[in-house]
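Reading through the C-alpha cells given below for one structure.
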Amino acid sequence: MSPRGIQIDGQTWEVSPSGRVTQYQRDEFSVLFRRRGATPPEVRVARYAPIGSRSPEDSLAELSEQQLLELFERSQPSWTAPETGYRR
C-alpha cells in the first residue's frame with residue numbers, strides 16, 4: 001500500500017502503518033505521520049483500534065480524512081515512541 005497524503009495546517013503529511021505489532025495484535029495498530037519536505041524530517045506516531053478490517057493497511061484505508069486528522073491531533077513525537085526506536 002502506498003502512503004496516504006493528508007493536508008494539515010498547509011503541510012503535506014504521509015500516513016502509513018508502522019509495521020510494529022503491539023501486544024494487542026489485531027486489536028490495535030499504530031500509524032506514522034511523516035511530513036514531506038521537512039528538514040530535518042518530522043515523524044509522529046498514533047495508535048488506534050480499528051472498527052472494520054483487522055488488517056493494518058485495510059483499516060487505514062477505511063479511515064476518513066476527519067478520522068486521520070483526529071489521529072494526528074493525538075499523535076506523539078517520534079522520540080517518545082517505540083515504533084520509531086525513540087529516534088528524533
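- A single hydrophobic cluster is not seen to contain both Trp79 and Tyr86; linkage of ILVMFWY side chains at heavy-atom distances under 4.5 Å, directly or through other members, places them apart.
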For Gln67 and Tyr48, run side-chain contact (heavy atoms from CB on, under 4.5 Å): C-alpha distance rounded to whole Å, both residues' side-chain angles, the deciding distance at 0.1 Å, then the answer. CA-CA 10 Å; Gln67 289 170 315; Tyr48 72 101; over 6 Å; no
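- Between the side chains of Thr84 and Ser78, no donor-acceptor pair is found at a separation under 3.5 Å.
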Check step by step if side-chain contact (heavy atoms from CB on, under 4.5 Å) holds for Thr12 and Ile6. CA-CA 6 Å; Thr12 302; Ile6 186 170; over 6 Å; no
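- Taking CD from Gln11 and CZ from Phe33, the interatomic distance works out to 14.5 Å, rounded to the nearest 0.5 Å.
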Start with the C-alpha gap between Arg47 and Gln76, add the side-chain angles, then the distance that decides, and say whether side-chain contact (heavy atoms from CB on, under 4.5 Å) holds. CA-CA 9 Å; Arg47 292 180 195 89; Gln76 63 190 64; 3.7 Å; yes
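- At distances below 3.5 Å, at least one donor-acceptor pair connects side-chain atoms of Ser59 with backbone N or O atoms of Ser55.
- Partners of Glu70 under the side-chain contact (heavy atoms from CB on, under 4.5 Å) rule, at least two apart in sequence or in another chain, are Gln66.
- Within the model, atoms OG of Ser75 and CD1 of Ile8 stand 7.5 Å from one another, a figure rounded to the nearest 0.5 Å.
- Arg44 has its side chain within reach of Trp13: a pair of non-hydrogen atoms, C-beta onward, lies under 4.5 Å apart.
- The salt bridge (Lys or Arg N to Asp or Glu O under 4.0 Å) with Glu42 is formed by just one residue from the set Arg36, Arg35, Arg34; it is Arg35.
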Evaluate side-chain contact (heavy atoms from CB on, under 4.5 Å) for Leu32 paired with Val15, printing each intermediate quantity in order. CA-CA 6 Å; Leu32 299 178; Val15 186; over 6 Å; no
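- Heavy-atom minimum distance, Ser53 versus Asp58: OG-CB, 3.2 Å.
- Atom OG of residue Ser30 and atom CD of residue Glu83 lie 3.5 Å apart, to the nearest 0.5 angstrom.
- Atom CG of Leu63 and atom CZ of Phe29 lie 10.5 Å apart (nearest 0.5 Å).
- Rounding to the nearest 0.5 angstrom, the gap separating the CG atom in Leu68 from the CZ atom in Arg4 is 4.5 Å.
- Cluster annotation: Val31 is not connected to Val43 through the hydrophobic network of ILVMFWY side chains, with a link wherever side-chain heavy atoms come within less than 4.5 Å.
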